[in-house]
Number of protein chains: 2
Amino acid sequence: MSAESQRGRKPRADVQRNRAALLEAAQRHFLRDGVGASLEGVAKEAGVGPGTLYRHFPTREALLAAVLQTRSAELVARRADIAGLRDASERLRQWLRAMEEYFSAFSGLPEPLMAAAREQEPGNPLTLPCDDLIATTEEYVRAAQQVGHARPSVKGYDLYLAAVWLAWTKGTGAHDEEALDRLRALIERGYCEQGGPE
Amino acid sequence: MSAESQRGRKPRADVQRNRAALLEAAQRHFLRDGVGASLEGVAKEAGVGPGTLYRHFPTREALLAAVLQTRSAELVARRADIAGLRDASERLRQWLRAMEEYFSAFSGLPEPLMAAAREQEPGNPLTLPCDDLIATTEEYVRAAQQVGHARPSVKGYDLYLAAVWLAWTKGTGAHDEEALDRLRALIERGYCEQGGPE
DNA sequence: ACGAAAACGGAGGCTGGCTCCGGACAAGCT
DNA sequence: AGCTTGTCCGGAGCCAGCCTCCGTTTTCGT
């Protein structure tokens, strides 16, 4: 645990303080203005200069990944809830909903998510967490397939993309909840074995 | 037809020339750099100043809408081809493909498309053409429903959103053609009546 | 050919991203 | 405590792109 923090010299106090302040300010700005929020504004609100921000987080994606890391507690909580469900198909459905909500945290989040999924070399700090989510989705899909509730041709990646889509539509397009429900139903009929949920 | 061009005074020659040059330059830039291309660059390539560009097209969306208008010949050609098909479900399928390809013309096009679908007041120049496409989709959907090839609960708007999604995924995410095919199949199973295309 | 109306176009203000380096400051040693 | 050293801070500054305003130029009608 603390073995890593002792490697090399020592962790300076102001570094941790600034990092925490930046993360908090960034989260607030992302919540209010979306992922395109002004980084200068974030730095100002955190009480540091732009240089400090860019040293801690060289790119917007790096900052975003760190903030998302902070919020990942949501997802692990959801996974715990999901584990209690009996039906594998219900677990898959709830997992997709959990991802969709997670991706809806900040307006404009789906774009960098897609960009991260594209890159093979992890120059993008979002790539690793995304691959992790895709792998998790794949597990849920496999379980649902084994009980005959998901078509064999469906991949975890497909449903991950579908979750990103729903989040994107929610944030970008019509905020019509009816339309979103129809879209979710459409996706579900698309991956379920003949006949769908009913 | 020409009644409008004679109303008031007359259309100046340089206006038409500049407008045409702007449209051509804009199309080239959008093709190369996506919809976020530098408008200053467009103006420079068209051989006019920024002021001229903004007088002709007050916003980026207005320019985009005009360029898209230019390209709509594609779509009407596709509609003519589609009209020759026997099966209503095949017509719907082809129409969705046609929209998907049309929306893939410029990288980043899906975002303004979604933004346009959201607004009710047509301050956005893209809103009208989009509503037109949605209405057309609705027609194809109705026809497919009447021969029992599409579920009654599906709306034209849903499949329009799906087409935008596919274009977005193609442009933004993995360029994996296999994955796109799986996504298309998923959508299709989602809107078809029990059993899907096979 | 001339005058008025319309259009041009570039200078310039503004915002936000990103860099670079002189100065400050914390950690450890004596 | 005081010093040394290396890290870290932070703002001045540069660049790119958006958009506007107004003096100048072009065009059309007579």
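Here is how names work: the chains are called A, B, and so on, in the same order as the sequence lines, proteins then strands, and each is numbered from 1.
Between the side chain of B:R60 and the backbone N or O of B:V35 there is at least one donor-acceptor pair closer than 3.5 Å. Of the possible polar contacts, one joining the A:R91 side chain to the A:L85 backbone as a donor-acceptor pair under 3.5 Å is found. In this structure a side-chain-to-backbone donor-acceptor pair under 3.5 Å is present from A:Q145 to A:R151. Side-chain N or O atoms of B:Y160 include none that pairs as donor or acceptor with a backbone N or O of B:D131 at under 3.5 Å.
Remark on DNA chain D: of its neighbouring residues B:P58 and B:R12, the 5'-side contact belongs to B:P58, judged by nearest-heavy-atom nucleotide. Between A:D14 and B:A13, the residue anchored closer to the 5' end of DNA chain D is A:D14, taking for each the nucleotide with the nearest heavy atom.
Summarising the geometry, the separation between NE2 on A:H56 and P on C:dT19 is reported as 16 Å, rounded to the nearest angstrom. Atom CD in B:E61 sits roughly 13 Å away from atom C1' in D:dC18 (whole-Å rounding). At whole-Å resolution of the value, CZ in A:R17 and C1' in D:dG10 are 14 Å apart. Straight-line distance from the CD atom of A:E40 to the P atom of C:dC18: 10 Å, rounded to whole Å. Distance CZ (B:R19) to P (D:dT27): 19 Å, rounded to an integer number of Å. If you measure from atom CG of A:L39 to atom P of D:dC15, you get 21 Å, rounded to the nearest angstrom. Rounded to a whole Å, the OH atom of A:Y54 is 12 Å from the P atom of C:dG16. Remark: P of D:dC18 and CZ of B:F57 are 16 Å apart, rounded to the nearest angstrom.
The side chain of A:N18 contributes an N or O atom lying less than 4.0 Å from OP1 or OP2 of D:dC9. Close to D:dA16, at under 4.0 Å from its OP1 or OP2, lies no side-chain N or O of B:S38.
Using a 4.0 Å cut-off between a side-chain N of Lys or Arg and a carboxylate O of Asp or Glu, A:R142 and A:E138 qualify as a salt bridge. By the 4.0 Å N-to-carboxylate-O rule, B:R184 lies close enough to B:D181 to be salt-bridged with it.
For the contact set between residues 41-53 of chain B and DNA chain D, defined by any heavy atom under 4.0 Å, the members are B:P50, B:G51.
The base of C:dA7 does not come close enough to the side chain of B:R55 for any donor and acceptor atom to sit less than 3.5 Å apart.
Note: A:F30 and A:F106 have tilted aromatic rings, judged against thresholds of 30 and 60 degrees for the angle between ring planes.
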